[in-house]
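To start, the structure itself, in structure tokens.
Count residues from 1 along the sequence. Computed from a predicted model, the values in this text were never measured in an experiment.
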Amino acid sequence: MHPTRDTTLEILSDLIGFPTVSADSNLALIDYVAEYLGKLGASVHTFRDPGGTKANIFATIGPEVDGGIVLSGHSDVVPVTDQVWSSDPFGMRIAEGKAYGRGTCDMKGFIAAALAMAPHYARCELKRPVHFAFTYDEEVGCLGAQALMHELALLPFKPAVCIIGEPTEMRIIEGHKGCCEYTVTFSGLEGHGSQPDLGVNAVEYAVRYVTRLMELREVLKRRSPEGSRFDPPWTSLQIGRLSGGVAHNVIPGLAHLDWEMRPVQNGDADFVKREIAAYVKDDLLPAMRAISKDADISTEIIGEVDGLEPVPESEALKIVAELTGANGADLVAFGTEAGLFQKLGISTVVCGPGSIEQAHKPDEFIALDQIDQCLVMLDKLTAKLTG
């Protein structure tokens with residue numbers, strides 16, 4: 001048992017008590033963290049979302065210079081609606097070597113461990129700063145982290161390394177695919193089915209759009225990076241829903257298409273978006289508007305989350321491997337905020353306590369020995385900050 005475990009569990013209990021479901025505010029939790037770190041002498045900055053009901057926090061212990069190490073996590077949790085729990089999901093319960101509660105593993109356990117170590121860091125003469133970055137709305141498209149990146153880009157100093165504490169059972173994760181989700185609306189012109197040339201069939205144009213996406217899907221397979229360890233090794237693309245029309249004999253004036261892609265490299269997402277936009281501009285819209293000037297195709301971005309691309313030389317991987325004793329790193333299927341930090345030029349890996357198998361489920365828990373392993377890693381991090 002790590003000596004800081006009790007403190008971690010006290011903080012974790014407090015954090016679980018804040019019901020920070022993505023649909024609701026996280027301000028009470030952020031205020032708690034800001035006050036806690038502020039009392040330690042940390043430089044604390046909070047950034048509210050446009051609605052003013054949520055916030056990110058970025059705090060620094062040590063000198064505000066380049067080269068710092070970021071400990072990052074998201075404050076939001078998924079809903080408990082329609083789930084059957086053995087106890088109050090927002091009241092932490094400890095039993096049989098596990099701490100139960102919504103968010104214990106995903107990912108307030110890591111946040112609690114980082115905060116429990118903060119007083120220790122504050123007592124040390126740090127040559128390299130440690131930063132705490134906690135965000136809102138990771139579960140619904142990494143919205144908070146995307147907003148935070150704009151703020152971090154304006155800082156007079158730049159962190160060098162980021163450790164995202166998502167639950168990996170303390171395995172180092174060096175890569176995951178991105179996830180891009182879109183809803184496309186096709187607005188045509190209704191008419192009688194007996195005169196199809198006088199209308200703009202929204203469903204037919206949606207089908208043509210889908211056909212082009214399927215062509216691009218085959219191209220993506222040929223763009224697969226050499227030696228890709230992802231499964232499948234290429235950027236995947238799939239159609240989730242296509243709807244439109246009201247009757248057999250009515251030309252449909254409206255259609256909706258949901259589709260997604262999961263890039264193994266960010267360049268693939270740019271390629272697909274560029275190709276499909278050109279097809280819409282050069283082929284589909286001119287044909288639609290030749291019949292109806294009001295015809296249109298509009299795209300709503302549901303979410304665009306950058307993947308974490310494995311890189312040959314990773315300072316983050318080297319450091320965390322030294323801290324944990326790991327001999328290698330893995331890839332995972334689930335997404336995180338890591339790719340956003342990487343895109344900002346910060347070397348990033350994912351490594352945190354708990355199992356993703358428990359995330360989002362009733363009676364979510366984190367094993368106490370996982371917390372101990374995380375605390376050992378964060379304790380050893382001291383040498384990197386003071387050396």
Cationic N near anionic O, under 4.0 Å, [X] to [Y]:
X      : Y      : value
Arg212 : Glu215 : yes
Asp330 : Arg171 : yes
Glu260 : Arg241 : no
Arg289 : Asp296 : yes
Glu218 : Arg222 : no
Glu315 : Arg128 : yes
Glu309 : Lys343 : no
Arg208 : Glu204 : no

Linking Ile, Leu, Val, Met, Phe, Trp and Tyr by side-chain heavy atoms under 4.5 Å, what else ends up with Phe341?
-> Phe47, Phe58, Val70, Leu148, Met149, Leu152, Leu155, Phe157, Ile164, Ile173, Leu308, Val332, Phe334, Leu340, Leu344, Ile346, Val350, Ile356
Are Asp76 and Thr20 close enough that a side-chain donor and a side-chain acceptor fall under 3.5 Å?
-> no
Heavy atoms only: give me the nearest Gly52-Leu27 pair and the separation to one decimal.
-> O-CD1, 3.4 Å
What's the shortest heavy-atom distance between Arg217 and Gln238, and which atoms?
-> NH1-CA, 4.3 Å
Within the distance-only criterion (no hydrogens, no angle test), does the side chain of Asp49 pair as donor or acceptor with the backbone N or O of Thr53 below 3.5 angstrom?
-> yes
Option passing side chain to side chain donor-acceptor pair (under 3.5 Å) with Asp106 (candidates His74, Lys361, Gln358) | His74
Would you verify whether the NZ or CZ of Arg223 falls within 45 degrees of the ring axis of Phe271 while also being under 6.0 Å from that six-membered ring's centre?
-> yes
